[in-house]
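Encoded as structure tokens, the structure appears first; notes follow it.
As a basis for the values below, the full set of heavy atoms in this structure was taken, side chains included, without hydrogen atoms, waters or symmetry mates. Residue numbers begin at 1 in each chain, while the letters A, B, ... track the order of the sequences.
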Number of protein chains: 2
Amino acid sequence: MRTMNKSQIKLISTLERVGGFASAQELYQLLRRDGDGIGLTTVYRALQSLLDDKIVDVLRREDGEALYRLCGEAHHHHLVCRSCGTTVEIEGSSVERWAEAVAKEHYFREVGHTVELFGLCSKC
Amino acid sequence: MRTMNKSQIKLISTLERVGGFASAQELYQLLRRDGDGIGLTTVYRALQSLLDDKIVDVLRREDGEALYRLCGEAHHHHLVCRSCGTTVEIEGSSVERWAEAVAKEHYFREVGHTVELFGLCSKC
DNA sequence: CCAAAAATGAAAATGGTTGTCATTAACATT
DNA sequence: AATGTTAATGACAACCATTTTCATTTTTGG
Ligand SMILES: [Zn+2]
Ligand SMILES: [Zn+2]
Ligand SMILES: [Zn+2]
Ligand SMILES: [Zn+2]
């Protein structure tokens with residue numbers, strides 16, 4: 001059984017508090033604001049370990065910054081406003097089925113996917 | 001009618017030569033290797049203009065680096081082997097329709113999408 | 001030809017991420 | 001408690017793609 005250190009636990013509960021995606025820098029700020037003396041390096045290291053253990057998921061913002069979230073929340077995707085950042089969670093069973101069909105068609109196994117939509121919300 | 005400068009034209013023909021995705025740095029190297037004295041800054045600027053004019057498309061490598069390609073090649077996505085890197089180009093009209101429907105449902109405009117599949121190919 | 005505008009490239013700045021390394025915390029053994 | 005061993009930590013520097021700055025050059029239109 002993989003063991004888990006203090007920093008990783010802090011990161012997990014911060015991610016729970018956030019309830020969605022957050023960048024390493026944001027998580028760092030949140031912890032510091034709570035008086036935690038954690039270092040940025042440790043935040044990156046803990047996130048990497050959690051990634052390796054498949055406890056968190058990563059995706060890329062349009063500007064390339066990495067965003068992390070807890071796995072285990074129901075699988076879903078996002079529709080993000082390019083201008084104000086507003087994010088709508090979306091589910092798409094048709095996409096899930098499509099992805100699986102494509103994987104099978106090409107004899108790929110263990111296929112995951114990245115599906116994110118970016119646009120301008122009604123206010124922007 | 002939008003005008004197009006020398007650098008933009010160079011970038012377009014380099015992208016044609018490449019025939020797929022390439023990063024700004026790679027395009028810069030290619031041009032320099034051909035004896036062109038173009039600056040990296042100009043490459044980035046030209047790519048940005050081409051993006052604005054929707055002449056090129058951008059997507060992100062898993063490490064966050066931006067990759068550019070000419071639009072006009074048929075829009076498609078990728079199924080990539082996590083282990084050996086083998087890439088299969090896939091098209092998915094059902095995904096395209098789904099994305100548009102989601103966008104409309106939430107009153108988003110100018111919605112683009114990122115759809116990439118990652119798995120293990122039959123050989124791996 | 002000439003002035004105004006656009007384009008250019010060198011260099012510096014930015015910002016997210018990773019590497020280095022000396023210090024510290026945790027833990028097991030005597 | 002004292003010791004040694006190993007994992008974890010954080011300050012700091014390094015990295016690298018991208019952006020900004022700014023002085024200079026090229027293009028353009030009259
Ligand atoms: Zn918005
Ligand atoms: Zn999905
Ligand atoms: Zn493979
Ligand atoms: Zn598509």
T114(A) versus E116(B), side-chain donor and acceptor atoms under 3.5 Å: no

For A22(B), does its backbone N or O pair with a side-chain atom of R69(B) as donor and acceptor, under 3.5 Å? no

Y28(A) meets the ring-ring contact (aromatic ring centres under 6.0 Å, His included) criterion, sequence neighbours left out, with none

Would you say T42(B) reaches dT8(C)'s phosphate, i.e. side-chain N/O to OP1/OP2 under 4.0 Å? no

Atom-pair distance (CG on L11(B); C1' on dT8(C)), nearest Å: 13 Å

Atom CZ of R61(A) to atom C1' of dG15(C): distance rounded to whole Å? 12 Å

E62(B) CD to dT17(C) P, in whole Å, measures 14 Å

Which nucleotide in the set dG16(C), dT18(D), dA8(D) lies at the smallest distance from any side-chain heavy atom of L40(B)? dT18(D)

OP1 or OP2 of dA25(C) under 4.0 Å from side-chain N/O of N5(A): no

From CD of E65(A) across to P of dT14(C) the rounded distance in Å is 17 Å

Quick one: do the Y68(A) and E26(A) side chains pair a donor with an acceptor below 3.5 Å? no

Taking only the side-chain nitrogens and oxygens of Y44(B), find out if one of them lies under 4.0 Å from OP1 or OP2 of dT18(D). yes

Expressed in angstrom and rounded to an integer, what is the separation of I9(B) atom CD1 from dT8(C) atom P? 10 Å

Is a side-chain N or O of R32(A) found less than 3.5 angstrom from the main chain of I38(A), in a donor-acceptor match? yes

Rounded off to whole Å, could you give me the CD1-to-P distance for the I38(A) and dA25(C) pair? 15 Å

In whole angstrom, what separates L51(A)'s CG from dT17(C)'s C1'? 13 Å

dA11(C) base to T41(B) side chain: any donor-acceptor pair below 3.5 Å? yes

Is G37(A) touching bases, backbone alone, or none of the nucleic acid, heavy atoms closer than 4.0 Å? sugar-phosphate

Cationic N near anionic O, under 4.0 Å, D34(A) to R17(A): yes

Whole angstrom value for the distance that separates P of dG16(C) from CD of Q48(A): 18 Å

Quick one: the dot-bracket string of DNA chain C, using Watson-Crick and G-U wobble pairs with both distances under 3.5 Å, [ ] for crossing pairs and | for bases paired to another strand. ||||||||||||||||||||||||||||||

Does R45(B) make a side-chain donor-acceptor contact with the base of dG9(C), cut-off 3.5 Å? yes

Using a heavy-atom cut-off of 4.0 Å across all strands, would you classify S23(A) as base, sugar-phosphate, or nothing? nothing

Can you label the angle between the H113(A) ring and the H77(A) ring as parallel, tilted or perpendicular, going by 30° and 60°? tilted

Taking the side chain of K6(A) as heavy atoms from C-beta outward, which of dA26(C), dG16(C), dT26(D) is closest to it? dA26(C)

